[in-house]
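Since the structure is predicted, the reported quantities are computational estimates derived from the model, not experimental observations. Here is the naming used below: chain letters follow the sequence lines, and residue numbers restart at 1 for every chain.
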Number of protein chains: 2
Amino acid sequence: MITLQDIARLAGVSHSTVSRALAGSPLINPDTRQRIQLLAHEAGYQVNQVARNLKVRSTCTIGLVVPEVLNPYYPKVVQLVADLAREAGYNLQLQLSGADQKAEATCIASLREQRVDGILLVTAEHGLVARDQVEALLASGVPIVLMGWVEDAEHIDMVMGDDSKGGSELARHLIGIGHSRIAILGKTAHRGVYDRLFGFRAALEEAGIVLSEDLQIEATSDIEVKRGVTRLLALPAPPTAIFAYQDSLAALVIKHLTDACLAVPQEMTVVGFDDLDLAAYLCPHLTTVGGHIESHAFRFVSLLIERIRKASSDTGPQHIVITPRLVVRGSCGPPRKEETIGNRRYHPNGYTQCAPTHTD
Amino acid sequence: MITLQDIARLAGVSHSTVSRALAGSPLINPDTRQRIQLLAHEAGYQVNQVARNLKVRSTCTIGLVVPEVLNPYYPKVVQLVADLAREAGYNLQLQLSGADQKAEATCIASLREQRVDGILLVTAEHGLVARDQVEALLASGVPIVLMGWVEDAEHIDMVMGDDSKGGSELARHLIGIGHSRIAILGKTAHRGVYDRLFGFRAALEEAGIVLSEDLQIEATSDIEVKRGVTRLLALPAPPTAIFAYQDSLAALVIKHLTDACLAVPQEMTVVGFDDLDLAAYLCPHLTTVGGHIESHAFRFVSLLIERIRKASSDTGPQHIVITPRLVVRGSCGPPRKEETIGNRRYHPNGYTQCAPTHTD
DNA sequence: CAGGCTTTTGCACACGATTGCAAAGAGTAT
DNA sequence: ATACTCTTTGCAATCGTGTGCAAAAGCCTG
């Protein structure tokens with residue numbers, strides 16, 4: 001690799017002169033500056049950012065920690081963050097925490113070792129675990145912004161959705177069209193009063209609807225969702241609506257319902273949460289709550305960059321709350337007549353009466 | 001930020017001793033080593049990788065360039081690569097080239113400046129444009145591996161699918177169940193003899209089927225797909241099958257067909273390419289060609305790491321070809337009776353007879 | 001106790017860039 | 001010719017680590 005020294009020798013000047021010339025410093029004679037720039041270009045010189053970063057004590061890199069990238073919610077965030085970061089002149093170091101508590105800590109530690117200028121942390125479903133790491137980060141003055149609610153983190157910058165509100169809107173919509181036996185399905189999360197489940201449950205209670213244990217399914221993988229759906233359908237009194245509290249799970253729910261020959265929404269209403277692009281691909285199109293991912297990402301990045309730029313700014317921690325909106329599409333309708341399920345079409349012991357459409 | 005020096009002062013030794021102690025060097029007295037390690041841990045010391053990288057002339061980072069991350073094909077690659085890289089002890093620097101020729105060059109240049117140990121480049125649809133950058137990279141000895149076929153790049157390491165074979169299998173399947181008026185839809189690509197389109201077309205020709213201009217639609221965005229589908233349906237002799245040569249596009253095709261009240265596969269067969277998870281969510285489940293993304297990613301990363309480890313290995317450039325397989329699911333069936341479209345149900349002037357299922 | 005060997009530590013330089021400061025060179029007024 | 005200013009360049013220190021080599025310290029043997 002070719003260095004400043006090499007160019008200096010080529011040009012017959014000192015390396016400091018080359019450095020200044022390439023940086024466009026006005027201290028250098030315009031003629032020599034041009035000559036050096038040309039020379040460097042011809043020689044294919046590329047600055048060694050590692051050395052530069054060491055000297056200037058900044059890497060122009062932000063670290064992005066995301067649980068995974070298969071759930072289509074996260075790629076959307078990654079794409080937006082990447083675009084915004086690039087626009088602002090920052091590189092992106094991506095870390096996938098795998099929703100694992102231990103791994104999250106490792107990710108943050110690694111980013112810290114790399115001396116990234118700031119960290120964007122998208123919290124996994126279960127909330128932030130790597131608290132020690134985050135505190136250490138704050139103590140050493142590295143800006144960090146969280147996306148998603150985390151308990152007991154009032155002193156940390158945060159961008160979150162008022163999912164509670166979205167959840168209750170969704171519930172009220174379902175109640176409004178006549179549902180009262182509603183199941184919920186997803187991975188349990190404890191994100192306090194800002195959680196989508198919190199709002200959903202609250203709205204149900206408000207309407208005097210009790211949510212029995214039977215109707216609460218924990219599931220994250222394809223197979224778990226399948227089991228969950230099967231269990232729901234096998235109940236003496238199956239639900240008339242299912243709230244899968246992530247669009248990606250709702251997609252799976254619809255898939256398994258269809259495989260079981262239940263018509264959505266005629267025989268079962270399904271709603272999701274997030275308003276991914278996916279929601280519009282689905283058949284039927286999914287009723288969901290839009291999280292305004294774009295605004296989330298925008299505030300997320302701008303807040304961090306603002307913190308990086310003037311690290312001394314002692315405006316207290318910011319908590320930015322973004323209100324989502326209900327998006328009503330075709331996947332929900334009035335509850336079916338009581339006898340439809342179980343007697344006429346559904347066979348809990350196997351999908352035999354009406355073969356599923358896939359063959360693999 | 002706390003440095004080796006600081007720890008050295010704390011421990012009353014020189015910074016070299018601390019460096020060695022933390023690295024677990026056998027040169028250091030076990031007692032002092034432990035004492036120093038404890039001290040460093042307590043003080044919250046974290047090595048400055050920037051300085052370390054400069055000294056050891058390696059960053060333990062690989063750069064991953066991907067066009068975007070919204071098309072669900074790429075996140076899958078990103079996830080796999082990230083996991084494999086982490087396992088091998090490498091960090092990941094993600095760059096989104098945006099399928100833009102200029103941007104791709106910038107990405108590579110940036111990665112080079114950062115002195116990543118190697119680069120994984122997933123070529124955009126149109127093939128590699130930043131040839132200069134890649135050549136420069138090779139010249140300076142930085143390993144690079146391409147994913148996806150690129151013309152005139154025989155001297156570069158490459159992992160690709162034998163998409164041609166997959167394409168022809170797909171075509172033969174369609175022909176086998178009776179289709180002869182088949183449309184193709186996607187973004188034009190010129191990836192030579194390894195392209196899925198190449199194989200598809202070849203198989204058609206072999207069967208004596210001509211692919212008229214009308215039946216070739218160029219489309220990448222939702223709206224373009226919609227227009228394309230509309231145009232196909234409005235033809236005097238509409239196709240009986242559509243080959244959307246990316247699953248993500250096939251998803252859109254199905255969506256717009258459904259909105260237009262055409263039943264898949266009864267009235268229109270749709271097939272895709274890639275076998276994304278998405279393909280199984282769709283209704284009906286999508287017949288497609290599986291690209292074995294996992295094996296792609298695995299070979300992709302291992303080849304690069306192998307190159308990094310023994311940079312001197314002068315085994316010539318490797319071209320790894322992975323054969324995809326046909327995955328038959330519910331989205332294809334025999335061609336419909338001729339009069340079905342246009343007369344009975346389809347209304348090219350608006351989706352009025354049968355309202356689409358979404359309301360936004 | 002001298003001399004040799006082994007273990008343990010420190011000195012000093014290198015990695016490749018940035019930058020304050022001094023110095024050299026050029027031009028000008030006194 | 002001197003002194004002074006202004007422009008242009010080079011010297012040298014610095015960022016935080018890693019590491020070859022020398023030196024110190026400890027141990028053993030004769």
Query raised in the report: When you measure from the side chain of A/Thr32 to the backbone N and O of A/Ile28, does any donor-acceptor pair fall under 3.5 Å?
Result: no

Query raised in the report: If you look at every strand shown and take non-hydrogen atoms under 4.0 Å, does A/Val13 touch a base, only sugar-phosphate, or nothing?
Result: sugar-phosphate

Query - B/His15 (side chain) and C/dT9 (base): donor-acceptor pair under 3.5 Å - result: no

Requested in this report: Give a yes-or-no answer on whether the side chains of A/Asn91 and B/Ser110 include a donor-acceptor pair shorter than 3.5 Å.
Outcome: yes

Query raised in the report: Just by distance, do the side chain of B/His41 and the backbone of B/Gln37 share a donor-acceptor pair under 3.5 Å?
Result: no

Query raised in the report: Is a side-chain donor or acceptor of A/Asp6 paired with a backbone partner of A/Thr3 at a separation under 3.5 angstrom?
Result: yes

Query - Rounded distance in Å - CG (B/Leu54) to P (C/dC13) - result: 17 Å

**Report entry** Base C/dC11 paired with B/Ser14 side chain (donor-acceptor, <3.5 Å)
**Finding:** no

Query raised in the report: Going 5' to 3' on DNA chain D, which nucleotide is the first and which the last to come under 4.0 Å of a heavy atom in chain B?
Result: D/dG16 to D/dC21

Requested in this report: Check the distance between C/dC15's C1' and A/Ile2's CD1 and give it to me in whole angstrom.
Outcome: 17 Å

Requested in this report: Side chain of B/Arg57 only, please: which of C/dC15, C/dA17, C/dG10 is the nearest?
Outcome: C/dC15

Report summary line: Here the distance between atom P of C/dC15 and atom CG of A/Leu4, to the nearest Å, is 13 Å

Report summary line: In whole angstroms, the gap separating P of C/dA14 from CG of A/Asn48 amounts to 17 Å

Query raised in the report: Side-chain N or O of B/Arg20 less than 4.0 angstrom from OP1 or OP2 on C/dG10?
Result: no

Query raised in the report: Hey, does A/Ser16 reach any base, or is it just sugar-phosphate, or nothing, if we go heavy atoms under 4.0 Å?
Result: base

**Report entry** Check against salt bridge (charged side-chain N to carboxylate O under 4.0 Å, His left out), B/Glu294 and B/Lys76
**Finding:** CA-CA 9 Å; B/Glu294 288 80 6; B/Lys76 184 117 194 179; 3.5 Å; yes

Query - Integer-rounded Å distance: C/dC15 C1' and A/Arg52 CZ - result: 17 Å

**Report entry** Pair A/Gln114-B/Gln49, side-chain donor/acceptor within less than 3.5 Å
**Finding:** no

Requested in this report: Choose from C/dT9, C/dG10, C/dT18 the nucleotide whose nearest atom is closest to any side-chain atom of A/Lys55.
Outcome: C/dT18

Query raised in the report: Without hydrogens or angle criteria, can the side chains of B/Asn53 and B/Thr59 be said to hold a donor-acceptor pair below 3.5 Å?
Result: no

